[in-house]
Amino acid sequence: MVETEFEPVIGLEVHVQLQTRSKMFCGCDSDYQNASPNEHVCPVCLGLPGALPVINKAAVEMVIKAGLALHSDIAEYTKFDRKNYPYPDLMKGYQISQFDLPICVGGYLDIQTDGEPRRIHMTRVHLEEDAAKLLHRPNDASGGHTLVDVNRAGSALMEMVGEPDIRTPDEARAFLVQLRAILRYIGVSAANMEEGNLRCDANVSVRPKGSDQMNSKVEVKNMNSFRAVQRALVYEIDRQTRLMKEGQPIAQETRGWVEDRGVTVSQRSKEQAHDYRYFPEPDLPPLIIGRDWVEQLRSQLPELPEAKQQRFAQQYGLSPYDSDLLTTSKEIADWFEAVVATKAADGEALGQRAKAASNWILGELTRLLNATGKELSDIPMQPQHLSELLDLLDDRTLSTSMAKDVFEDVFNTGRTPSEVVKEKGFTQVADADSLSPMAAEAIASNPKAVEDYMAGRDTAVKFLVGQVMKLSRGQANPSLAEELLRARLEERKGGA
Ligand code: ZN
Ligand code: MN
């Protein structure tokens with residue numbers, strides 16, 4: 001009997017803090033991170049009786065922009081609703097959210113993992129307000145207490161709900177990476193999971209592969225990084241598959257990811273699931289979104305990651321993979337284009353320069369940024385520095401290994417590559433007159449390698465190139481050295 005194979009069905013729900021200056025329904029400063037606790041509060045966000053909310057126009061515009069970037073339909077008529085639930089972080093006892101008429105409906109996001117590109121559909125995007133922050137102090141003398149910081153309460157929050165089109169943890173990660181890129185490109189959020197301005201919940205179920213049944217789903221919460229999302233999904237898929245195989249029921253419930261234990265644990269079951277008793281928010285009028293407003297916002301959208309990626313592949317002849325990596329961040333993409341633009345070139349020369357720039361950016365630059373934990377904006381190195389370094393490689397002043405040394409120096413100091421080259425005394429020996437004697441010496445002092453070459457072992461040349469590199473203290477141009485060595489060896493062969 002063939003064992004049944006199972007496949008996961010995953011849908012992501014993402015909450016995004018919008019970078020508005022003021023909160024969603026009042027004039028309070030929305031920067032809660034750099035403020036003392038309970039500094040940015042007023043009767044509206046404190047939920048005092050009689051205080052009336054006013055819709056933040058900038059927040060609505062950000063949601064419309066996000067919807068346009070996701071190819072969603074932008075509603076002409078939309079409204080806010082009350083979502084009722086009692087929790088100490090909810091000042092009014094209800095959250096102003098959107099129920100049946102969200103601002104954005106439908107849309108999709110194309111993602112790329114190892115396999116074929118995949119289209120993940122969106123259900124909706126709506127606007128709501130954030131809750132206050134609770135700080136639990138469980139171990140004090142009084143037996144524990146909780147502090148409330150209201151600064152975050154009432155901040156503009158965008159909820160983005162995806163269809164259950166995701167099939168693997170890798171796809172979930174790719175979806176989040178692509179979504180973050182879009183949010184940063186359009187400038188609506190810092191979209192940083194570690195800082196909590198992008199928060200992701202996942203709905204996961206498992207079913208026999210190829211079937212279209214929808215089994216009871218589990219909602220997984222408390223994941224604070226892309227990596228946590230991936231790990232939590234791997235764990236949860238495995239757990240549900242095991243239960244399925246044992247013929248055990250899977251409870252419809254909410255589970256929390258416990259990072260340090262690497263497990264999900266049950267938080268509440270369906271029986272306790274909330275009934276939010278939604279009803280239209282009586283303190284706010286419906287929101288009518290005129291088409292001219294939408295078009296005006298559409299015209300403000302920058303070139304988005306997907307379009308940029310296609311353009312890079314087409315204009316610079318880069319692989320889809322490299323174009324994808326370069327466009328994940330707008331800053332990197334702009335930096336790349338600035339490097340390429342410093343040298344007027346077209347056709348083949350442009351392609352070569354672009355490929356070289358891409359290799360250095362995705363290689364050394366990315367490595368050094370990761371190693372130092374820095375952002376592109378923190379480093380003194382500028383695009384024209386890399387351009388100059390590429391020139392020094394092109395005219396054979398530098399070998400690749402010297403160039404790496406120079407690159408790291410420029411990355412740290414912001415000096416120009418030629419300054420560094422001068423100081424370090426780096427110059428590549430790339431003229432035959434200087435290299436010929438070294439090639440001769442390498443051949444004379446390594447009879448074994450010469451013998452190997454004569455016997456048809458071509459790799460012996462690489463060894464001899466290494467000897468020339470040594471003799472030149474790393475400054476010989478390797479391809480010229482190889483050329484000269486081969487000429488000499490072939491001459492011998494002919495003479496023998
Ligand atoms: Zn306020
Ligand atoms: Mn929500």
Side-chain angles (χ1 to χ4, degrees), residues 11-18 20-60 62-63 66-67 78-87 89-105 122-133 148-162 179 183 188-189 191 193 196-203 219-223 254 256 267-268 273-279 281 283-284:
L12 298 183
E13 228 179 83
V14 177
H15 282 88
V16 178
Q17 271 176 1
L18 297 175
T20 52
R21 277 203 298 276
S22 57
K23 294 188 185 182
M24 187 59 229
F25 299 112
C26 61
C28 289
D29 193 322
S30 61
D31 177 13
Y32 64 90
Q33 263 156 340
N34 301 308
S36 327
N38 300 314
E39 192 185 341
H40 297 163
V41 295
C42 75
V44 174
C45 56
L46 273 168
L48 298 186
L52 289 173
V54 176
I55 299 169
N56 183 329
K57 186 178 175 190
V60 176
M62 287 178 182
V63 173
T78 171
K79 67 175 169 64
F80 289 94
D81 300 274
R82 282 193 187 178
K83 181 178 181 178
N84 300 279
Y85 64 95
Y87 201 72
D89 66 2
L90 201 59
M91 307 320 290
K92 300 188 289 291
Y94 60 85
Q95 177 192 34
I96 303 182
S97 180
Q98 297 194 280
F99 182 49
D100 53 341
L101 295 172
I103 296 177
C104 313
V105 179
M122 299 299 297
T123 312
R124 58 186 281 160
V125 180
H126 74 246
L127 190 50
E128 58 188 34
E129 58 178 332
D130 211 343
K133 249 183 150 163
V148 187
D149 179 1
V150 187
N151 283 344
R152 200 180 65 180
S155 294
L157 204 57
M158 174 168 65
E159 183 175 325
M160 317 181 88
V161 184
L179 187 66
L183 295 169
V188 302
S189 176
M193 265 195 105
N197 27 57
L198 191 153
R199 312 197 277 263
C200 173
D201 303 330
N203 287 304
E219 187 182 22
V220 185
K221 288 181 173 290
N222 302 346
M223 300 165 290
T254 299
Q267 287 184 329
R268 61 172 191 257
H274 290 122
D275 171 10
Y276 294 118
R277 293 173 292 119
Y278 279 102
F279 64 87
E281 170 57 56
D283 289 341
L284 290 171

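Remember, it's 1-based here, ligands and their atoms both numbered in the order they're listed. Everything quoted here is computed from the prediction, not taken from an experiment.
- Rounding to the nearest 10°, we obtain 110° for the angle at the Zn ion (ligand 1) between Cys26 SG and Cys28 SG.
- Contact annotation: His126 places no N, O or S atom under 2.8 Å from the Mn ion (ligand 2).
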### Message
Quick one, Met62 with Met158, criterion side-chain contact (heavy atoms from CB on, under 4.5 Å). Give me CA distance, side-chain angles, the key distance, then yes/no.
### Response
CA-CA 9 Å; Met62 287 178 182; Met158 174 168 65; 6.0 Å; no

### Task
Applying salt bridge (Lys or Arg N to Asp or Glu O under 4.0 Å), run through Asp81 and Lys79 and close with a yes or a no.
CA-CA 7 Å; Asp81 300 274; Lys79 67 175 169 64; 2.5 Å; yes

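- Results of the side-chain contact (heavy atoms from CB on, under 4.5 Å) test with Leu157 over Glu129, Arg152, Arg199, His126 single out Arg199 as the only residue that passes.
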### Task
Assess whether side-chain contact (heavy atoms from CB on, under 4.5 Å) is satisfied between Lys23 and Asn56, documenting all intermediate values.
CA-CA 7 Å; Lys23 294 188 185 182; Asn56 183 329; over 6 Å; no

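- Within Glu159, the N/O/S atom positioned nearest the Mn ion (ligand 2) carries the name OE1.
- Taking the N/O/S atoms of Glu128 in turn, the shortest distance to the Mn ion (ligand 2) belongs to OE2.
- The Mn ion (ligand 2) has no N, O or S atom of Glu13 closer than 2.8 Å.
- Of the residues Val150, Asp149, Leu48, the one that meets the side-chain contact (heavy atoms from CB on, under 4.5 Å) test with Val41 is Val150.
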